[in-house]
Amino acid sequence: MARFNGKVALVTGSSNGIGRATAILFAQEGAKVTITGRNSQRLEETKQEILKSGVPDSHVLAVVTDLTSEKGQDELIDSTIQKFGRLDILVNNAGTAVTDAQGRTGLDQDVSDFDKVMQINMRSVVTLTQKAKKYLIESKGEIVNVSSIAAGPQSQPEMMYYAMSKSALDQFTRSTAISLIQHGVRVNAVSPGCVVTGIGEAIGFPPGAFEKLAAFWESHKECIPSGKTGQPIDIANVIAFLADRKLSSYIIGQSIVADGGSTLVMGIQAHDMMSILTS
Ligand code: NDP
């Protein structure tokens with residue numbers, strides 16, 4: 001029997017990247033899935049990929065909506081319950097960074113960009129979780145949040161607002177984990193490193209720019225020690241592990257880092273100690 005048979009999963013941001021890979025994996029492993037995003041064409045592509053792997057049409061609900069609107073969130077939860085009758089797994093994955101057209105970063109970036117990034121990466125997670133809570137308590141379900149290694153503890157001067165939103169999300173994971181475990185609901189998170197997805201395009205990088213950055217990081221062992229960027233499925237596998245109570249029941253309120261070793265390297269290790277000493 002597939003491990004998510006009988007379960008219903010809602011995966012936000014499943015019209016692309018990590019969310020798409022996660023929704024496909026859950027559906028292939030037996031779950032009924034609600035997929036969602038703003039872009040109807042890309043959402044349909046996710047649906048078609050799920051169906052291609054032999055999953056029946058009745059196991060997929062596609063909802064085109066903007067997650068920053070509470071009306072959209074209500075529609076998402078209500079239509080999931082209406083179609084599938086329950087909710088077992090909520091994956092709060094939708095997210096993005098917001099860059100400045102004039103290239104300003106850090107504290108120089110307009111505070112309206114801070115509002116935008118907090119709206120999607122944090123506020124919408126709070127309100128969607130509030131709306132899903134009663135159904136997850138009924139099913140004794142699981143929440144998996146998608147954070148980022150940008151959350152810290154290292155600084156992120158160039159993507160400060162994005163990093164702040166993910167730090168806040170980590171605190172949300174820890175705090176809700178303790179509140180909700182009293183009701184039998186587990187909350188955990190994954191913190192990916194560099195994964196080539198649609199995020200480069202979404203944040204306004206020119207075509208190919210994110211791939212160029214990723215290739216540079218891959219070829220520098222102080223950036224990605226494993227020498228490889230992650231694939232969306234690498235993160236989807238961690239999400240599935242955290243949503244699978246048989247495998248991860250004793251993990252509560254944690255964020256699992258999946259980054260090819262990036263966050264283990266300190267600046268002083270970027271240079272070879274022996275060659276400094278002998279030069
Ligand atoms: P993508 O841009 O490929 O996917 C982002 C998804 O979020 C899309 O499906 C997009 O849908 C959805 N989304 C964004 N804004 C909204 C909105 N307002 N309403 C509804 N849906 C929205 O990026 P990733 O797959 O890389 O990102 C997924 C998560 O992973 C994010 O939280 C990101 O911060 C995190 N992450 C990614 C890393 C990476 O290197 N890729 C590293 C660390 C963390 P649509 O465009 O259709 O609205």
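These numbers come from a predicted model, not from an experiment. Atoms within each ligand, like the ligands themselves, are counted from 1 in listed order.
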Quiz item: Tracing side-chain links under 4.5 Å among I, L, V, M, F, W and Y, which residues wind up in one group with Val187?
Solution: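 Joined to Val187, directly or through intermediates: Val8, Leu10, Leu61, Val63, Leu67, Leu76, Ile77, Ile81, Phe84, Leu87, Leu90, Ile120, Leu128, Tyr135, Leu136, Ile137, Ile143, Leu180, Val185.
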Exercise. Would you mind listing the cluster partners of Leu277? Hydrophobic ones only (ILVMFWY), side-chain contacts under 4.5 Å, chaining allowed.
Key: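 ILVMFWY cluster around Leu277 also holds Met273, Met274.
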Could you list the atoms of ligand 1 found under 4.0 angstrom from a heavy atom of [X]?
{"X": "Pro192", "answer": "42 (C), 43 (C), 44 (C)"}
{"X": "Leu67", "answer": "17 (C), 19 (N), 20 (C)"}
{"X": "Ile120", "answer": "15 (N), 16 (C), 17 (C), 18 (N)"}
{"X": "Gly17", "answer": "3 (O), 25 (O)"}
{"X": "Asn39", "answer": "45 (P), 47 (O)"}
{"X": "Ser14", "answer": "9 (O)"}
{"X": "Ser15", "answer": "8 (C), 9 (O), 10 (C), 11 (O), 45 (P), 47 (O)"}
{"X": "Gly95", "answer": "5 (C), 7 (O), 31 (C), 32 (O)"}

Quiz item: Do Ile18 and Ile239 have side chains that get closer than 4.5 Å, going by heavy atoms?
Solution: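 Result yes, sub-4.5 Å side-chain heavy-atom pair found.
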Just distances here: any N/O of [X] and N/O of ligand 1 closer than 3.5 Å?
{"X": "Cys194", "answer": "no"}
{"X": "Ala202", "answer": "no"}
{"X": "Gly37", "answer": "no"}
{"X": "Tyr162", "answer": "yes"}
{"X": "Thr36", "answer": "no"}
{"X": "Thr96", "answer": "no"}
{"X": "Gly198", "answer": "yes"}

Quiz prompt | Option of least heavy-atom distance to atom 48 (O) of ligand 1 (set: Arg42, Gln119, Arg38, Gln73) | solution =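 Among Arg42, Gln119, Arg38, Gln73, the closest heavy atom to atom 48 (O) of ligand 1 comes from Arg38.
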What's the shortest distance from [atom] to any protein heavy atom, and which residue and atom give it?
{"atom": "atom 30 (O) of ligand 1", "result": "Val146 CG1, 3.4 Å"}
{"atom": "atom 39 (C) of ligand 1", "result": "Val195 O, 3.4 Å"}
{"atom": "atom 24 (P) of ligand 1", "result": "Thr197 OG1, 3.4 Å"}
{"atom": "atom 12 (C) of ligand 1", "result": "Gly13 CA, 3.6 Å"}
{"atom": "atom 18 (N) of ligand 1", "result": "Asp66 OD1, 3.0 Å"}
{"atom": "atom 28 (C) of ligand 1", "result": "Asn93 OD1, 3.1 Å"}
{"atom": "atom 25 (O) of ligand 1", "result": "Ile18 N, 2.9 Å"}
{"atom": "atom 1 (P) of ligand 1", "result": "Ile199 N, 3.7 Å"}

Is the closest side-chain donor-acceptor distance between [X] and [Y] under 3.5 Å?
{"X": "Glu218", "Y": "Thr229", "answer": "yes"}
{"X": "Asp272", "Y": "Ser275", "answer": "yes"}
{"X": "Gln73", "Y": "Thr127", "answer": "yes"}
{"X": "Asn92", "Y": "Thr129", "answer": "yes"}
{"X": "Asn145", "Y": "Ser147", "answer": "no"}

Quiz item: Quick check: are there more than 12 heavy atoms from other residues, nucleotides or ligands sitting under 6.0 Å from CD of Gln41?
Solution: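 Count not over threshold, so no.
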Exercise. Look at atom CZ of Arg123 and say whether more than 12 heavy atoms of other residues, nucleotides or ligands are closer to it than 6.0 Å.
Key: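 Result for CZ/Arg123: open.
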So, does [X] sit close enough to ligand 1 that a heavy atom of it is under 4.0 Å from the ligand?
{"X": "Gly193", "answer": "yes"}
{"X": "Ala150", "answer": "no"}
{"X": "Glu201", "answer": "no"}
{"X": "Thr229", "answer": "no"}

Just heavy atoms, cut-off under 4.0 Å: does [X] contact ligand 1 by side chain, backbone, both, or neither?
{"X": "Ala97", "answer": "neither"}
{"X": "Pro232", "answer": "neither"}
{"X": "Asn16", "answer": "both"}
{"X": "Lys166", "answer": "side chain"}

Do [X] and [Y] sit within salt-bridge range, that is, some charged N less than 4.0 Å from a carboxylate O?
{"X": "Asp74", "Y": "Lys71", "result": "no"}
{"X": "Lys131", "Y": "Asp78", "result": "no"}
{"X": "Arg86", "Y": "Glu138", "result": "no"}
{"X": "Glu45", "Y": "Arg20", "result": "yes"}
{"X": "Asp108", "Y": "Arg104", "result": "no"}

Exercise. Could you please spell out the steps behind the side chain to side chain contact (heavy atoms under 4.5 Å, CB included) verdict for Asn16 and Thr197?
Key: CA-CA 7 Å; Asn16 215 345; Thr197 62; 5.7 Å; no
Practice problem: Quick one: sort the Phe26 and Phe4 rings into parallel, tilted or perpendicular, breaks at 30° and 60°. | Solution: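 The rings of Phe26 and Phe4 stand perpendicular, inter-plane angle above 60°.
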Quiz prompt | Nearest atoms (heavy-atom pairs only) where Val117 meets Ala97 | solution =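 Nearest pair, atom of Val117 first, then Ala97: CG2-CA, 4.0 Å.
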